[in-house]
Engineer: 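Next up is a structure, given as structure tokens.
Atoms within each ligand, like the ligands themselves, are counted from 1 in listed order. Position 1 is the first residue of the sequence; numbering continues from there.
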Amino acid sequence: MKFNKALEDIQLYEAGKPIELVVREFGIAPEDVVKLASNENPIGTNPAVAETIVRNAAKAHLYPDDSMFELKAALANLYTVGTENIIIGAGSDQILEFISHALLNETSSVLMSQVTFAMYEIYAKQVGAKIVRTSNYTHKPEEFIEAYKEHHPKVIYICTPNNPTGDATSKEDVLRIINAVDSDTLVVVDGAYMEYAAAKEEKYAIAPRDLLEYDNVIYLGTFSKAYGLGGMRIGYGIAQSGLIRALHKMRPPFNVTTLSLAAALEASKDRAFVEKSVALHQEQIKRYEAFAKEHNIEYIDSYTNFITYVFSEKFDSTKIADALLKKGVIIRNLASYKMNAIRITIGTAKQNDTFFKYFTEIIA
Ligand SMILES: *Cc1c(COP(=O)(O)O)cnc(C)c1O
């Protein structure tokens with residue numbers, strides 16, 4: 001079978017390893033596995049949301065409301081935008097896919113940071129677009145503007161805070177990039193971890209509303225991180241209505257499930273859960289910073305729910321990740337991003353204790 005040529009150049013996305021794999025391969029009991037690899041919310045599922053999912057189970061035979069009116073109304077209210085400014089996807093990943101299909105082809109290029117969310121490249125390559133990267137993992141406006149002038153990319157991805165590094169780009173710098181590009185280039189501002197950045201430092205807080213005056217900018221958000229709903233697959237894009245209408249042409253009918261819609265709607269009403277998640281995170285991440293200082297390990301100041309430890313030649317991230325895995329601790333090795341580094345999702349106090357215990361043994 002001859003597949004599209006574009007596929008030859010695509011690396012499979014390496015998803016965080018599941019708990020089941022560690023149970024199977026190392027015979028560790030599922031309750032002893034500590035998963036700090038996929039930036040999931042360590043508090044678990046919001047109990048009110050879990051109850052809603054169960055309550056809606058009897059509606060599983062019905063297709064969902066394809067207008068997604070209630071969830072859009074809740075998001076419109078949360079962000080003070082119109083419902084016509086919102087598109088909902090099976091994770092914000094799916095919105096990234098719609099963007100690729102709506103705007104890119106073999107003649108276009110996309111611009112992104114040197115180390116950033118792997119799916120930007122994969123979705124762009126699926127339609128044959130060329131990838132241009134800056135030479136820095138942080139989003140330096142001058143670098144982006146220079147690369148924009150040279151390559152005229154059709155789409156620019158700004159991941160703030162950035163995954164897998166954890167650093168953020170200030171609102172001022174994001175606006176500098178946006179203001180330097182003409183309206184035929186779409187700027188994607190991916191705010192998957194924005195709840196954490198906004199709580200940490202005001203200058204990094206970007207609200208979708210701040211970008212709505214531009215007809216070539218889309219803000220992406222997700223319920224997978226601070227809202228604790230990674231398993232329900234709900235994300236959203238917010239932009240001017242013309243852009244949203246175009247992206248809707250790429251959307252399959254009923255692209256998110258009835259249960260996911262109900263879960264996200266319930267989650268959107270519960271600010272307290274998000275605040276509690278962020279507060280636990282802020283308290284626990286201090287331990288990772290202190291640990292790194294104590295052991296002379298470099299880390300990237302994080303605006304997300306994870307922290308990235310960058311190793312000197314003394315340590316090898318692959319060896320460390322493998323050794324932790326054997327102990328039942330799953331973290332993310334960043335070797336595939338060409339970094340000798342690991343990304344650790346900040347867990348509960350107990351999960352973090354386990355990480356520190358084994359990590360200390362391994363590096364000793
Ligand atoms: C997690 C994540 C997303 C989206 O995740 P979904 O679960 O598909 O909503 C998007 N961008 C970044 C940078 C992420 O880390």
Engineer: May I ask you to decide if the ring planes of Tyr309 and Phe311 are parallel, tilted or perpendicular, using 30° and 60° as cut-offs?
Structural biologist: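 It falls in the perpendicular class, over 60°.
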Engineer: Can you list everything that forms a ring pair (Phe, Tyr, Trp, His ring centres under 6.0 Å) with Tyr123? Sequence neighbours excluded, please.
Structural biologist: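 Counting only residues at least two positions away or on another chain, Tyr123 forms no ring pair (Phe, Tyr, Trp, His ring centres under 6.0 Å).
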Engineer: Is it true that Asp353 and Arg287 make a salt bridge, defined as a side-chain N closer than 4.0 Å to a carboxylate O?
Structural biologist: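 Judged by the 4.0 Å cut-off on N to carboxylate O distance, Asp353 and Arg287 do form a salt bridge.
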Engineer: Could you please provide the protein residues found below 4.0 Å of ligand 1 on a heavy-atom basis, arranged by chain and number?
Structural biologist: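 Under the 4.0 Å cut-off, ligand 1 touches Gly91, Ser92, Asp93, Phe117, Cys159, Asn163, Asp190, Ala192, Tyr193, Thr222, Ser224, Lys225, Arg233.
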Engineer: Identify, with sequence neighbours excluded, every residue that meets side chain to side chain donor-acceptor pair (under 3.5 Å) alongside Glu201.
Structural biologist: Tyr303
Engineer: Between Lys72 and Asp65, does at least one N-O distance fall below 4.0 Å, as a salt bridge requires?
Structural biologist: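 So Lys72 does not pair with Asp65 through a salt bridge.
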Engineer: For Asp167, check salt bridge (Lys or Arg N to Asp or Glu O under 4.0 Å) against everything at least two apart and list the hits.
Structural biologist: none
